[in-house]
Each structure stands twice: as structure tokens, then as C-alpha cells.
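Before any comments, here is the structure.
Bear in mind that the values here come from a model prediction, so they are computed numbers and not experimental data. The chain is numbered in sequence order, starting from 1.
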Amino acid sequence: MPAKYYTVSKDGDGSVAVNVPSFKIMARGALAEVKGICKTFETVSTGITEKFNSKKHRSGVEVEFEADGVVIDVYLSILAGEKIVEVATNVQTAIHDMIENMTSMRAKAVYVHVVDIDFE
């Protein structure tokens with residue numbers, strides 16, 4: 001069973017723990033600041049999902065807690081004409097910065113999955 005909370009800090013008086021929806025909100029907030037993203041995926045069709053990793057991506061952001069940090073997967077569509085590597089790097093930087101500013105920790109990894117290119 002996956003963990004529901006990630007402990008950000010502990011001291012003699014107690015600890016601070018952040019839950020999955022909070023990390024998703026932080027990541028989605030960071031995505032709103034990145035130029036070149038068309039949308040994140042609320043759902044990915046069953047065929048695509050099965051080919052890649054059999055997960056459902058309801059919010060376009062998936063969060064997993066590991067012993068040594070938080071791993072975030074982002075599924076998005078990029079506007080045609082944008083440089084994919086540049087947009088993906090900006091997404092990673094924005095999410096790392098948002099999480100660090102809000103929790104004083106860095107995500108272990110941010111994986112950007114470009115699921116579609118939007119030509120409209």
C-alpha cells in the first residue's frame with residue numbers, strides 16, 4: 001500500500017507531513033507558469049496507458065513517495081512549434097522550485113511525459 005503522507009521535517013516538537021493531493025496542487029500550480037504547455041491530461045486512453053505503464057493519469061500529475069524523496073510524473077501536451085526539450089526542462093525546474101519553496105525540500109525526480117503535440 002503506497003504511503004499517504006511524506007514527512008518533510010521532524011524535530012523535538014513534532015513533524016510536518018504533506019499528502020499526495022498537496023504535491024499534485026503544487027505541481028499543477030507550477031505548470032500554470034510554464035510557456036508552451038497546451039494541457040495536462042485528465043485521462044489517457046486505455047490503449048496508450050497499457051502501452052506505457054498501465055496507470056491512469058486522472059490529473060495529469062502522479063505523485064509517488066519513496067524512502068528518499070518524492071517522485072512526480074507529469075503528462076502533458078505541448079503546443080506545436082515549441083522546443084520539447086526546453087519546455088520539459090522548464091517544467092522540471094518550475095516543479096522543483098515550487099516544491100522547494102513550499103516545503104523546503106526538493107523532489108527526488110520530476111519526469112515529464114509528452115503525450116501529445118497540439119497543432120491548433
Quiz item: Other than Ile25, which residues form its hydrophobic cluster under the rule that side-chain heavy atoms must be closer than 4.5 Å?
Solution: none

Self-check item: Nonpolar side-chain network containing Val71, other nodes, edges under 4.5 Å
Solution: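 Cluster partners of Val71: Tyr111.
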
Looking only at heavy atoms, what is the nearest atom pair of [X] and [Y], with distance?
| X | Y | result |
| --- | --- | --- |
| Leu79 | Ile117 | C-CG2, 4.5 Å |
| Ala30 | Ala94 | CB-O, 3.5 Å |
| Asp68 | Lys108 | OD1-NZ, 3.2 Å |
| Met98 | Glu33 | CE-OE2, 4.0 Å |

Quiz item: In terms of ring plane angle, is the pair His113 and Tyr75 parallel, tilted or perpendicular, where the classes change at 30° and 60°?
Solution: parallel

Self-check item: Same apolar cluster (I L V M F W Y, side chains within < 4.5 Å links), Ile78/Phe119
Solution: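 Per the 4.5 Å side-chain linkage, Ile78 and Phe119 are co-clustered.
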
Exercise. Check the pair Val114, Leu76 against side-chain contact (heavy atoms from CB on, under 4.5 Å), reporting the backbone distance first and the verdict last.
Key: CA-CA 5 Å; Val114 178; Leu76 48 85; 4.3 Å; yes

Practice problem: Decide yes or no on side-chain contact (heavy atoms from CB on, under 4.5 Å) for Ile95 and Val61, but give the supporting numbers first. | Solution: CA-CA 11 Å; Ile95 291 174; Val61 177; over 6 Å; no

Exercise. Evaluate the side-chain proximity of Met102 to Val18: yes if any heavy-atom separation is below 4.5 Å, no if none is.
Key: no

Practice problem: For the residue pair Met105 and Val70, establish whether any side-chain heavy-atom pair is separated by less than 4.5 Å. | Solution: yes

Quiz item: Can you tell me how far CD of Glu64 sits from CG of Asp73, rounded to the nearest 0.5 angstrom?
Solution: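 CD of Glu64 is found 6.5 Å from CG of Asp73.
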
Mind checking what makes side chain to side chain donor-acceptor pair (under 3.5 Å) contact with [X], not counting sequence neighbours?
| X | answer |
| --- | --- |
| Lys83 | none |
| Glu100 | Arg106 |
| Glu82 | Lys35 |

Quiz prompt | Sequence neighbours excluded - side-chain hydrogen bond (donor to acceptor under 3.5 Å, both in side chains) pairs with any residue from residues 84-98 | solution =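 side-chain hydrogen bond (donor to acceptor under 3.5 Å, both in side chains) check on residues 84-98 returns no pairs.
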
Quiz item: Should Ile72 and Ile99 be marked as a side-chain contact (heavy atoms from CB on, under 4.5 Å) after you check the CA-CA gap, both sets of side-chain angles, and the distance that decides it?
Solution: CA-CA 11 Å; Ile72 298 174; Ile99 289 173; 3.1 Å; yes

